[in-house]
There are 2 protein chains.
Amino acid sequence: MSKDTSGTTRGRSGIKAVAELAGVGIASVSRVLSGQRGSSPQLTKRVLDAARQLGYAPNALAQGLRRRTTRSIGFVGSDITNPLIASIVSGAESVLSLAGFSVLLTNSGGIPSVDAERIEVLLQRQVDGLIVLPALEDDPGTLAALRNTQTPIVLIDRTLPADIRAQYVLSDHYRGVGDASRYLLAAGHRHIGLVVGRDVRPTRERVRAVEDAYDGSGIARDLLVHRGTLSPEHGEEALEEMLSGAVPPSAVILGGNQLLEGALRVVHRRGLQLGKDLSLVCCDDVPLGRFHQPPIATVMRDSALLGKRAAELLLAQPETPGTNEPVYLPTWFEPRASCGPRATDTSDTRRKRTARKVSVTQG
Amino acid sequence: MSKDTSGTTRGRSGIKAVAELAGVGIASVSRVLSGQRGSSPQLTKRVLDAARQLGYAPNALAQGLRRRTTRSIGFVGSDITNPLIASIVSGAESVLSLAGFSVLLTNSGGIPSVDAERIEVLLQRQVDGLIVLPALEDDPGTLAALRNTQTPIVLIDRTLPADIRAQYVLSDHYRGVGDASRYLLAAGHRHIGLVVGRDVRPTRERVRAVEDAYDGSGIARDLLVHRGTLSPEHGEEALEEMLSGAVPPSAVILGGNQLLEGALRVVHRRGLQLGKDLSLVCCDDVPLGRFHQPPIATVMRDSALLGKRAAELLLAQPETPGTNEPVYLPTWFEPRASCGPRATDTSDTRRKRTARKVSVTQG
DNA sequence: TTGAAAGCGTTACCAT
DNA sequence: ATGGTAACGCTTTCAA
C-alpha cells in the first residue's frame, strides 16, 4: 500500500509543515511563496525546497479569506448550451484564466428568480466580479441582488436602471438588423416579420431598427412582430403562425439563433424554398448556418469578444473606477442566399394594401 | 448620496454583527443559520430577524475553510464552444446546482499542460470534486496532477492508468459506430474512411468498431484512418486528402462533430452530392445537422446525460466509496440521407482490389 | 439551551 | 531580513 520510493510525499500539507521542514518561521514561507522580495537567497532556497518536497500548494480559501480577494469571477447566463452564450463564456474565460482568475459558471435557464438566486450564491462565494446576462432587465429580485453588493458587475446586452452600479458591454444590434432590413426592403419586400424574445435591449433595438429602416426608405411601416421566448419551439410556432396569417410576410427576421432550428422545421415541412418563397435572416450565427441549402443570411457579431471585453472591464476595475461609458461592439449583416427578391406572384393581388401599421402578436 | 430611507441596510456584515444586533452569542447565530435544531424559538427569531435586517449572508470562504468542504466542483474540458462539451457542462451544472453546488469552469484548449495546470488550480481552490475530460490519457503532467490529491475525480470518455483513483463515465462508441459501419457495408460500401482525433478512448473504440464491422460482415478490411485533431480544419484537410487519394473511400465517418463543418466545405467546394457521390456519417450531433440538405446521418448520444451522471457520481461519493464500475452510456446510429448506396460508377474499374489492410495517414 | 474559545490556513503588521 | 501574532469569518467542541 505505502510504497514511498519517491522522495516527494505530496499531500495535504499546510504552510506550517513547510515552515517546520525548512526550519523557518511561517511568515517567511508566506513571504517567499507570494513572491515578495525581502528574503535572503538562503531563506528563499530553503523554503522553496521544502515546499517542493512537500508538494505544497496554498489553500486558496484561506488566502481569499485573508486577502479579501479570490481571483475568481462569476458568470450568470441563461444557458451554456446556446452557442452564443458558450462563446461569450469562452471569450471571458480565456482572458480571465490568463490573468489567473477562475470562472464560476451558472445557468439560470432564463428564469429571473434563478438569476437572482445564483447572483447571491456567487456573491457569498466572494467572487471579485460578476458577468451577468439576466433574463429580464426589470426583475425586482435580480435588481435587488445586484444592488446589494459592492462587487464590480458587468452586464452584457442588457441595460439596467441607473441606480445599479455596473458597467455595460453592448452589441450594436441596431446597425446589423437595420442593414438587414434595408437589404430586404431594397429587394422588394414590403411586409417583414420579426420574431423576438422578451423585452430586453436586443429586442428593443431590433424592433427599432426595422421600423427606422421602413421610415428611412420612405416605405409605409408594415412590420409584424412576434414576441415569445428565444427557443426553437417559439421559432417554429412564430413562423407557422405568421405564415398561416391572413397576410403572411415575405421576409422574416429571427431575433435569436435558437429560433432558426424551429423556423427551419416549418420551412421544410411546408416545402418552402428559402430566398424564393420566403426570405429569412437570422440574428447570430448558427454553426452550420452557412452550409444550409441555401445558406442563411445572418446578422453577425463577434460573440467571444463580448465575453473578452466584459472580462477586461472587470480586470481593469481597480485602476479605472470612473469610466462608465458602455462598450459598444459591432454587428454586421451578411447577406446570403436565404434572402431573395420578393416573389411577384399572383397571390400578391390577395394582399390588402390597408394602412396597417405595426401589428404585434403575443407568442 | 446616503439616502437611508429603507430600514434594511444591506452590506458587508459578518456573523459578529448579527450576533451583536440580536444580543446573542456568535455560536448561536451560526447554529440557527445553519439550520441545526436545539435553539429556543425566541433565540431563533431574534437571530433570524437580525440577519434579515442586516442582509447577512455567510461568507462561503470562511465556511469552506472551517468545514473543509466548499460545495463546489471543478470542470476541466477542452473547449466550451464545442456543443458537445457545452452540453456536458450544462448537464452537470443542472444536477450540481440543484444540490447547492457551484461549478468552476475551465477550458484547456486541448493542451495537456494546460489541463494539468488547471486541475492544480482547481484543487488549490479546494473543490470537492473534479469532472475532467483531459486532452490526453497519458500526459505525465495531467496524471501527476490527478494523482496528487484525495479529491474525488470523474473522468468522461477517457480511461486512465489503473493507479489513478477515479470514476468513469463512458460512452459506448463501439455500438454506434459499429452500427453505422454495418449500415454502410450493407449499402455496398467497401472502402470506408474514418477521421479521428488523438489516441483516446473514443478514437480507439471507433477504429475498433469499424474494423470489427468489416470482420463481422466477412468483408476484407479496407479502412482508411486519418488521425489529427478534432477541428473543422482537420475535417477539411482530412476529407480533401482522402478524396484526392488514389483510392478515395466511398463513405466517410467523422469521429467528432467539429469535423463536419470542414468536411462540408470540401463537399460543397467539390460539388459532391452527399448520399450519392459520397456517404457521410458524423459522430455527435451538430445543431443543424438534420436540416442540412441532405440531412447528416449521425451517431447520437445524450451528451447532457454524460455530465449529469458524472455529477451524480460526485454527489454520491461520500456514501458510495467502493462502486468503481464505470458508467456506460449508449450511443446509437441515426441513418439519414447523407448515406446512400455505393455508386456503381465506371470509375469503379479504376480501383485496385489489392489486399490493402488498414492504412493510416497522419494528419 | 447557550456562549466562550479554539482553530481552519493564510497574510500582514510589528517587533526584533 | 526574519518571525511571532493577530486577524479574516466561520464552525464546533466543551462548559456552563
Side-chain angles (χ1 to χ4, degrees), chain A residues 11-48 50-51 54-72 100 121 123-128 149-151, chain B residues 11-48 50-51 54-72 100 121 123-128 149-151:
Chain A
R12 264 336 64 212
S13 49
I15 198 174
K16 213 165 175 174
V18 179
E20 264 167 33
L21 179 58
V24 303
I26 255 181
S28 299
V29 177
S30 174
R31 229 180 292 116
V32 169
L33 261 33
S34 17
Q36 305 176 39
R37 32 167 271 110
S39 304
S40 69
Q42 306 92 295
L43 211 210
T44 304
K45 188 184 181 327
R46 295 174 62 90
V47 169
L48 256 26
L54 292 174
Y56 169 76
N59 181 322
L61 252 39
Q63 288 185 318
L65 186 58
R66 193 48 242 238
R67 292 179 168 160
R68 326 193 117 281
T69 163
T70 56
R71 299 187 81 76
S72 69
V121 168
L123 289 175
Q124 275 185 243
R125 289 189 183 274
Q126 315 298 121
V127 293
D128 293 339
T149 179
Q150 300 296 327
T151 307
Chain B
R12 266 332 70 214
S13 50
I15 198 174
K16 211 166 178 174
V18 179
E20 263 167 34
L21 178 58
V24 303
I26 256 181
S28 299
V29 177
S30 173
R31 232 181 288 116
V32 169
L33 261 34
S34 11
Q36 304 177 42
R37 31 168 271 109
S39 305
S40 67
Q42 307 92 296
L43 211 208
T44 304
K45 186 183 182 326
R46 295 174 61 91
V47 169
L48 256 27
L54 293 175
Y56 170 74
N59 181 323
L61 252 39
Q63 287 184 318
L65 188 58
R66 190 52 239 245
R67 292 179 168 160
R68 327 192 115 284
T69 164
T70 55
R71 298 187 83 74
S72 69
V121 168
L123 289 174
Q124 274 185 240
R125 289 189 184 273
Q126 314 298 122
V127 293
D128 293 340
T149 179
Q150 301 295 327
T151 307

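Within every chain, numbering begins at 1; the chains are lettered A, B, ... in the order of the sequence lines, protein sequences first and strands thereafter.
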Measure the distance from [atom1] on [X] to [atom2] on [N] and round it to the nearest whole Å.
X	N	atom1	atom2	result
A:Y56	C:dG9	OH	C1'	7 Å
B:R46	C:dT2	CZ	C1'	13 Å
B:R31	D:dC14	CZ	C1'	12 Å
A:L33	C:dT10	CG	C1'	11 Å
A:Q63	C:dA12	CD	C1'	13 Å
A:L61	C:dT11	CG	C1'	15 Å
B:Q124	C:dC8	CD	C1'	17 Å

Inset, instruction - May I ask you to say what A:S40 touches in the nucleic acid, namely base, sugar-phosphate or nothing, with a heavy-atom cut-off under 4.0 Å? - result: sugar-phosphate
Inset, instruction - Please work out if A:S39 contacts a base, only the sugar-phosphate, or nothing of the nucleic acid, heavy-atom cut-off 4.0 Å. - result: sugar-phosphate
Inset, instruction - Indicate whether OP1 or OP2 belonging to D:dC10 is found under 4.0 Å from a side-chain N or O atom of B:S30. - result: no
Enumerate all atom pairs, one protein N or O and one N or O from nucleotides 5-8 of chain D, separated by less than 3.5 Å.
| from | atom 1 | to | atom 2 | distance (Å) |
| --- | --- | --- | --- | --- |
| D:dA7 | N3 | A:R66 | NH1 | 2.8 |
| D:dC8 | O3' | A:R68 | NH2 | 2.8 |

Identify every side-chain donor-acceptor pair in residues 16-34 of chain A under 3.5 Å, counting partners at least two apart or on other chains, and give the distances.
| from | atom 1 | to | atom 2 | distance (Å) |
| --- | --- | --- | --- | --- |
| A:S34 | OG | A:S30 | O | 2.2 |

Legend entry - A:G23 or B:Q36, whichever maps to the more 5' nucleotide of DNA chain D: A:G23
Inset, instruction - Quick one: pull up OG1 in B:T69 and CG in A:L61 and give me the separation to the nearest 0.5 Å. - result: 9.5 Å
Inset, instruction - Would you check, one step at a time, whether the test side chain to side chain contact (heavy atoms under 4.5 Å, CB included) holds for A:R125 with A:T70? - result: CA-CA 9 Å; A:R125 289 189 183 274; A:T70 56; over 6 Å; no
